[in-house]
2 protein chains.
Amino acid sequence: MASQRGEGETTATPLEPADRERARAIPEAAVARLAVYLRVLSGMADQGVTAVSSEELSQAAGVNAAKLRKDLSYIGSYGTRGVGYDVEVLVSHIERILGLTRNHSVAVVGIGNLGHALANYGGFPGRGFPVTALFDVDADLIGVPVGGIPVNHIDEITAVCLEREVSIGVIATPPPAAQSVCDRLVSAGVQCILNFAPVVLQVPDNVEVRKVDLAVEMQILSFHVARRADEAASVSVGNNGLGVDGMVIRP
Amino acid sequence: MASQRGEGETTATPLEPADRERARAIPEAAVARLAVYLRVLSGMADQGVTAVSSEELSQAAGVNAAKLRKDLSYIGSYGTRGVGYDVEVLVSHIERILGLTRNHSVAVVGIGNLGHALANYGGFPGRGFPVTALFDVDADLIGVPVGGIPVNHIDEITAVCLEREVSIGVIATPPPAAQSVCDRLVSAGVQCILNFAPVVLQVPDNVEVRKVDLAVEMQILSFHVARRADEAASVSVGNNGLGVDGMVIRP
DNA sequence: CGGTGTGAATACTTTCACAGCT
DNA sequence: AGCTGTGAAAGTATTCACACCG
């Protein structure tokens, strides 16, 4: 994420009546959940379900009902009091807000094990994200089609990305190459990057980076294993609420 | 995350908390960043760097210095005022807190493209996470070694997980199979799950789930593309701080 | 009724800013 | 003189609880 949030924000216009349509500033966390609701709703639509209550939908999405309603309120009021939400209506509004009405062309850089797997997802998760370019440095791979797309040499990134109007770059290279690949994507005009390399990318403020970091995920799980072990130990010896180093561990 | 937090919690004890449950309970967000600091520090150690300031380390980790210091303060005070931190010391304390001093045996379920990629990471990211079991339903795969480990049939999950003391289960199956695989892992005693399937898993409270959701990540990026487009449009027509719908857009 | 929409209350995170140690 | 450690302030996010309405 282009780190620095508010730098010179002069207390962003306090009130001032609406000009165009509705009102919001959707919290990042809510955006992530909207994507989940969308998937659940799509599944329901496929099952022929036409209406849901916040309770049902929230259950299926693994959040609580109040949060769900609050999240939905950020995009407008499309429910019916006493009844619930129309599935189709909600789907289309969430799609609109998430920008899923346009297509987002995706380039995958680094066609190793992971890159292969990503390329083979074909038109990426849920459609709307067609993979249109693949890049690698390995001469043996150049020209070989993976998931239907021929691999280009990484030196062609700029030309190919511009030509195919790539809007999202996926980095699946080994760590040492990641920053340089990122720089090249950025200079090719790509403003959104999904990074699988275990590296902290430095990018200009106008570029959005999301990272998927296996090591971090595993380590968070490890932390919870450890927490649990401490807890168990404390309890069996007579829990005093303190863990290692006298730190109080969350319940 | 074992979803439901407070369900029947009767207005969560307002004040009584008295002493014990306070002081240090490491925020989830901080745990994730500690894992990042650890990686950066390990890299520094490999380069022969022996000391860092919060400023240097925070730069490399992509956060600001105050946040870094606060995060480190959760695990104790291991810096030297006026000087900075000893890299080795910090590494070992973070490892201890994250529970990386023990090994966490990992099982991967679903040996498709992604499962292959995961299995071939070999002793998972950063070591300490040896993959010791692989599972699939496909008869053609059973017994075939992937990344050095032979694939077992999914029906053997319970026996194999118990025997190999698997503590982390990784789900890389198609969506429809995910919940059932999850249930089996849980009944085999696995309490930590990393889920790559685009499905919201239902688990008991004592099980920790982390999800890696490609579709969600892409859609978040899509949202930002859309936000940016709106912004650009507003600006070119004379930005009044409001976006589409009169919504205030974050800077 | 029953369920949405939402202000107000609560909880959590991040940032500030400076005292305190080396 | 410089950098850590940390209370306190500011900023976000989540939850409560109830007015409101179909």
Side-chain angles (χ1 to χ4, degrees), chain A residues 1 3-9 11-12 14 22-34 37 51-59 61-87 89-90 93 247 250-251, chain B residues 1 3-17 21-34 37 51-59 61-87 89-90 93 248 250-251:
Chain A
M1 203 172 303
S3 327
Q4 302 85 321
R5 272 290 178 87
E7 208 66 317
E9 65 188 335
T11 320
R22 300 275 144 46
R24 71 70 164 73
I26 309 181
E28 183 83 11
V31 173
R33 288 188 300 262
L34 284 170
Y37 306 152
V52 261
S53 66
S54 62
E55 187 57 41
E56 295 164 331
L57 181 50
S58 68
Q59 285 272 310
V63 304
N64 76 9
K67 191 189 286 180
L68 171 95
R69 291 202 302 276
K70 178 66 91 179
D71 287 345
L72 292 183
S73 81
Y74 293 126
I75 66 173
S77 305
Y78 305 114
T80 308
R81 292 175 192 233
V83 179
Y85 302 89
D86 181 277
V87 173
V89 169
L90 224 41
H93 282 292
M247 298 192 321
R250 273 197 191 154
Chain B
M1 204 172 300
S3 333
Q4 304 85 320
R5 268 297 175 81
E7 206 65 318
E9 69 191 327
T10 330
T11 318
T13 357
L15 279 182
E16 195 211 54
E21 288 189 21
R22 198 193 305 92
R24 281 45 127 89
I26 309 181
E28 184 82 12
V31 173
R33 289 189 299 263
L34 284 170
Y37 305 153
V52 259
S53 66
S54 61
E55 187 56 43
E56 295 164 331
L57 181 50
S58 68
Q59 285 271 312
V63 303
N64 76 8
K67 191 188 285 181
L68 172 97
R69 291 202 301 277
K70 178 66 91 178
D71 286 344
L72 293 182
S73 80
Y74 291 126
I75 68 173
S77 305
Y78 304 116
T80 307
R81 291 172 194 234
V83 180
Y85 301 89
D86 181 277
V87 174
V89 169
L90 224 41
H93 283 292
V248 176
R250 281 203 184 147

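Reminder, nothing fancy here: chain letters follow the sequence lines and each chain counts from 1.
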Expressed as a whole number of angstroms, how long is the span from [X]:[atom1] to [N]:[atom2]?
| X | N | atom1 | atom2 | result |
| --- | --- | --- | --- | --- |
| R69(A) | dA17(D) | CZ | P | 13 Å |
| Q59(B) | dC3(D) | CD | P | 14 Å |
| E55(B) | dT15(C) | CD | P | 13 Å |
| Y78(B) | dC21(C) | OH | C1' | 18 Å |
| E28(B) | dT13(C) | CD | C1' | 13 Å |
| Y74(B) | dG7(D) | OH | P | 11 Å |
| K67(B) | dT4(D) | NZ | P | 17 Å |
| N64(A) | dA11(C) | CG | P | 15 Å |

Open item on the list: Just verifying a value: how many Å separate Q59(A) CD and L68(A) CG, rounded to the nearest 0.5 Å?
Closed with: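 Answer rounded to 0.5 Å: 11.0 Å.
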Open item on the list: To the closest 0.5 Å, what do you measure between NZ (K70(A)) and OG (S54(A))?
Closed with: 13.5 Å
- [ ] Would you check, one step at a time, whether the test side-chain contact (heavy atoms from CB on, under 4.5 Å) holds for L72(B) with L34(B)?
- [x] CA-CA 8 Å; L72(B) 293 182; L34(B) 284 170; 4.1 Å; yes
Task: Nucleotide of dT4(C), dT14(D), dC16(C) approaching A66(B) most closely (side-chain heavy atoms) - done: dC16(C)
Open item on the list: Which nucleotide wins on minimum distance to the side chain of A29(A), given the candidates dG5(D), dT14(C), dA13(D)?
Closed with: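 Closest of the options to the side chain of A29(A): dA13(D).
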With a 4.0 Å cutoff (strictly under), does any side-chain N or O of [X] reach OP1 or OP2 of [N]?
| X | N | result |
| --- | --- | --- |
| R33(A) | dT14(D) | yes |
| Y85(B) | dT22(C) | no |
| T80(A) | dT4(C) | no |

- [ ] Starting from the 5' end of DNA chain D, give me the residue, D71(A) or V83(A), whose nearest nucleotide shows up first.
- [x]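 The residue closer to the strand's 5' end, by nearest nucleotide, is D71(A).
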- [ ] Hey, which sits more toward the 5' end of DNA chain D by its nearest nucleotide, G82(A) or K70(A)?
- [x]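 Looking at DNA chain D, the more 5' nearest nucleotide goes with K70(A).
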TODO: Determine, stepwise, if the pair L57(B) / L90(B) fulfils side-chain contact (heavy atoms from CB on, under 4.5 Å).
DONE: CA-CA 11 Å; L57(B) 181 50; L90(B) 224 41; 4.2 Å; yes
Open item on the list: Please check: side-chain N/O of T80(A) versus main-chain N/O of V83(A), any donor-acceptor pairing under 3.5 Å?
Closed with: no
Open item on the list: Between the base of dT4(C) and the side chain of R81(A), is there a donor and acceptor pair under 3.5 angstrom?
Closed with: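 Under the 3.5 Å cut-off, the side chain and the base do form a donor-acceptor pair.
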